[in-house]
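For reference, the structure is listed below as C-alpha cells.
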Amino acid sequence: MTTFNLESGGTMVMAKGEQKFDAIVIGSGIGGLTTAAILANLYRKRVLVLEQHFTPGGFTHAFERKGKFHWDVGLHYVGDMGDGCTGKAVFDYLTNGNLHWQKMPDPFEKFVYPDFTFAVYSDPDRYQSDLIQRFPQERKAIRQYFKDVQKASFWFGFHSMLELFPVWLHPLLRRIARHFGAIARQTTQDYLDKHFQDDQLKALLVSQWGDYGLPPSQSCFGIHSVIVTHYFHGGWYPVGGAKAIAQSIIPVIEQGGGAVITQRRVTEILLASGMAVGVKAQNKTKPNADLETYYAPLVVSDAGAFNTYMKLIPPSYPLAERQKIQAFPKGSSMVTVYLGLKENPIKLGFEGENHWIYTTYDHDAVAQGSLVSSDHSPKFCYLSFPSLKDPLAKGHTAEIIAHIDYDSFSQWREQSWRRRDQDYTELKAQITQSLIQLVERHYPGFQDLIEYSELSTPLTVEHFDESDRGAIYGIPCIPERLDQSWIGARTPIKNLYLTGADAFSLGIMGAMMGGVKTAGIVNGAFGFFQIMATIMRK
C-alpha cells in the first residue's frame, strides 16, 4: 500500500484489474477532465475517468453524418480565449498547448427583433457606444450598466470561491458576501426595471439569456453579468471543433498513468466508515454482466449535484439536504436542429456570427411558450454555423436551437433511443420545420441550402448525458442557488467531491473553473492558488 498526500489523507487502494489509481472521476465532461488533468500533470496522480457515453467529452462531444457534416452538441462559442486571458492560459495548461482557437468574425453576435437588428462587436467600448447611439435617452443608465455587470461578475466569482477559505471563516465571509453582493443576488429583471425605462433596451440587454438558460425574471443578475462580461472581447471556437478539447486533454491524463474508460455507467459510490472508497459501474457493452467495482482513495463526481446526491450516494446514507435538492427548481433544456448544407452559407451573407432571433420583446413569454402547440410556432431560436467557425470543417453546417420544456416529451421517456414511436418522430419533424421557417422568414433562401436535418430533444440529452430531465446547464442560476449548502465542490462525505458546473458556474468555462477549484481543494488549503500560479507562469 502506498501513501498519498491529498487533503483527505489515507492510503492508496486498488482499482479493478490490479491497477493502482489515486482517484476516480465519474464523468468526462470538461469539469471532470480538468480535475483529472491537473491531478495528473501537477500532482503526479494516476486518475481513472469513467464515462457512461461511448465517447468522452460530455457536452464537448461532437458527431457526424454522411462523412462530411460535423456538429458540436454543447459548445458553440467561448469567450476569454485571447492571448493573456486566464481562460486561454488554463486551456493551454490542460492540453500542453495542443488546443488552438479561432477568433469569430466581427460582429460576432446579432440580436434580431421584429423591427430592428443589433450587432455586437468584440469591443465593450463600442458595444456601449452603439447602445447609447440607439437609445440616447438611456445614456446614463447604459454607462452604469457596464460598470455594474463587472461588479456583479466579480462578486459571483468571489462567492463561488468561498469554499477555498478555512471552514471557520465561512460564516463571516458569507455575511460579507451577502452584504456586498446585493446587486448580483437580485433577479436580472429587477435590475433592468430599476435602471431602465425603454422596454426594447431591456429586452436587448438580455438577448444572450439562452447562454445560461433562464429568462430575466428568473436568473440572478450575477450569472447574467458573468456571461455578458465573458463575451466583452468576442467569441472563439476550438480548431477541429469541440471534440478537440477532450482529444487534447486525455493524453495528459494518460501520460500520468491514468485512463479514460467509456461505456461505464457508475451506479453507486461506495462508502466505508463514512468515506468514499470507490464506485460500482455497469459495463454498457455487457448489460447482463455483473457490476464492475473500482476502488480509489478519492472520488470526484462530474455527474452533477442532483445525480450525485440523489442517485449515486446510497439512499441508506443520511443526507439532510436530499429533500431540498429534490424540491429545488429544475434546469432548462433545449431542442437542436442539426443541418447539413449543400452550399456555403456565406452566399446569404453569413460569416460565422451567432444570430439570436426573437419574435417578441417579452423573454418570459419565450420561456413559457411551447413549441409543442397546434401551430408549433416558435418565438425564438439561436442560429449558428459551426463550419464557418472551424477552419478544419469538411462540410458546411448550421444549428438552430430553441428553449423547450422537458414535459413536452416526457410521455416518450420510457421508450428507447432511436426506437420511439411515430408520434414522437412526427412531432420532431414538425418542430424542425417550424424552426427552419423562422430562420427562413428572416433570411430568405436559407431553406434551399439544406441537404440534411436532424433534431435532438431533451430525451436525447437525458439518454447521453444522464442529466436530470435533460437539463443542459446543471442546477439553475436563480438567486436561491447562492444560498444552497449542497452547491459546491465539497460534500458531507469524506474523500468525495463534486466538480464541473455545479462546483462553480455553468458553461464550458464555468465547468472548467469548477474542475480547477476541485483539484485545488483536494490538495489542501492553498491548492487552488498553487494551481493558478503554476498555470499563469506557463
### Task
Walk me through it: do Phe54 and Phe464 pass the test side chain to side chain contact (heavy atoms under 4.5 Å, CB included)?
CA-CA 9 Å; Phe54 53 73; Phe464 285 110; 3.8 Å; yes
### Message
Determine whether the aromatic ring centres of residues Tyr338 and Phe63 are separated by less than 6.0 angstrom.
### Response
yes
### Query
Between Ile253 and Ala40, what is the shortest heavy-atom contact and its length?
CA-CB, 4.1 Å
### Task
I would like to know whether Glu454 and Thr336 meet side chain to side chain contact (heavy atoms under 4.5 Å, CB included); could you show each step before the answer?
CA-CA 8 Å; Glu454 181 175 336; Thr336 301; over 6 Å; no
#### Entry: Side chains of Leu214 and Tyr473 in contact at under 4.5 Å (non-hydrogen atoms)
no
### Task
I would like to know whether Thr518 and Ile521 meet side chain to side chain contact (heavy atoms under 4.5 Å, CB included); could you show each step before the answer?
CA-CA 5 Å; Thr518 301; Ile521 285 176; 5.7 Å; no
### Query
Between Ser122 and Lys103, do the side chains contain an N or O donor and an N or O acceptor separated by less than 3.5 Å?
yes
### Heavy-atom side-chain contact between Val335 and Leu435 under 4.5 Å
yes
### Query
Looking only at atom types and distance, does a side-chain atom of Asn307 sit under 3.5 Å from a main-chain N or O of Ala303, one as donor and one as acceptor?
yes
### Query
Quick one: which of Trp236, Tyr231, Tyr237 gives a ring-ring contact (aromatic ring centres under 6.0 Å, His included) with Tyr77?
Tyr231
### Message
Consider salt bridge (Lys or Arg N to Asp or Glu O under 4.0 Å). Of Lys280, Lys284, Arg264, Arg265, which one does Glu292 pass it with?
### Response
Arg264
### Task
For the residue pair Trp155 and Ile183, establish whether any side-chain heavy-atom pair is separated by less than 4.5 Å.
no
### Query
What is the minimum heavy-atom distance between Leu298 and Asp22, and which atoms define it?
CB-O, 3.6 Å
### Which residues share a salt bridge (Lys or Arg N to Asp or Glu O under 4.0 Å) with Glu462, sequence neighbours left out
Arg413
#### Entry: For Leu506, the option from Ile227, Val226, Asp211 that meets side chain to side chain contact (heavy atoms under 4.5 Å, CB included)
Ile227
### Side-chain donor or acceptor of Glu163 paired with backbone N/O of Ala489 under 3.5 Å
yes
### Query
Would you find more than 12 non-hydrogen atoms of other residues, nucleotides or ligands less than 6.0 Å from Phe529 atom CZ?
yes
### Message
Please verify the inter-ring angle class for Trp356 with Phe111; under 30° counts as parallel, over 60° as perpendicular, anything in between as tilted.
### Response
perpendicular
### Query
What's the verdict on side chain to side chain donor-acceptor pair (under 3.5 Å) for Thr308 and Ser301, showing C-alpha distance, side-chain angles and the deciding distance?
CA-CA 7 Å; Thr308 302; Ser301 176; 2.6 Å; yes
### Query
Do the ring planes of Phe146 and Phe232 sit parallel (below 30°), tilted (30 to 60°) or perpendicular (above 60°)?
parallel
### Task
Classify the ring geometry between Phe221 and Tyr191 as parallel (under 30°), tilted (30 to 60°) or perpendicular (over 60°).
parallel
### Query
If you look at every heavy atom in Arg469 and Asp405, which pair is closest and at what distance?
NH2-OD1, 3.8 Å
### Task
Report yes if some heavy atom in the side chain of Ile531 is under 4.5 Å from a heavy atom in the side chain of Tyr43; otherwise report no.
yes
### Task
State, to 0.1 Å, how close Ser505 and Phe156 come at their nearest heavy-atom pair, and which atoms those are.
OG-CE2, 3.7 Å
### Query
Does the side chain of Thr187 reach to within under 4.5 Å of the side chain of Pro479, using non-hydrogen atoms?
yes
### Task
Check the pair Tyr358, His363 against ring-ring contact (aromatic ring centres under 6.0 Å, His included), reporting the backbone distance first and the verdict last.
CA-CA 9 Å; Tyr358 293 95; His363 291 291; 4.7 Å; yes
#### Entry: Lys311 atom NZ, over 12 foreign heavy atoms within 6.0 Å
yes
### Message
Testing the 3.5 Å rule here: is there a donor-acceptor pair between the side chains of Ser153 and Thr229?
### Response
yes
### Message
Using a 3.5 Å distance criterion without hydrogens, assess whether the side chain of Glu51 forms a donor-acceptor pair with backbone atoms of Ser28.
### Response
yes
### Message
Are the side chains of His224 and Trp209 in contact, using a 4.5 Å heavy-atom criterion?
### Response
no
### Query
Can Asp483 and Arg185 be counted as an ion pair, charged N to O under 4.0 angstrom?
yes
### Query
Do the side chains of Ile493 and Ile269 get nearer than 4.5 Å, heavy atoms only?
no
### Message
Please verify the inter-ring angle class for Phe158 with Phe154; under 30° counts as parallel, over 60° as perpendicular, anything in between as tilted.
### Response
parallel
## Note on the structure
Heavy atoms of Thr34 and Gly515 approach each other most closely as CG2-C, 3.7 Å
### Query
Is there side-chain contact between Phe328 and Gln484, with at least one heavy-atom pair below 4.5 Å?
yes
### Query
Taking all non-hydrogen atoms of both residues, which atom of Ala367 and which atom of Pro215 are closest, and how far apart?
CB-CG, 3.6 Å
### Query
So does Lys324 have more than 12 non-hydrogen atoms from other groups sitting under 6.0 Å from NZ?
no
### Query
In terms of the angle between their ring planes, are Trp417 and His463 parallel, tilted or perpendicular, with boundaries placed at 30° and 60°?
parallel
### Task
Decide side chain to side chain contact (heavy atoms under 4.5 Å, CB included) for Gln208 and Val120; before the verdict, give the C-alpha distance in whole Å, the side-chain angles of both, and the deciding distance to 0.1 Å.
CA-CA 11 Å; Gln208 295 164 306; Val120 182; 5.9 Å; no
### Query
Does a side chain donor of either Lys389 or Gln102 reach within less than 3.5 Å of an acceptor in the other side chain?
no
## Note on the structure
With sequence neighbours left out, the residues meeting side-chain contact (heavy atoms from CB on, under 4.5 Å) with Asp302 are Thr499
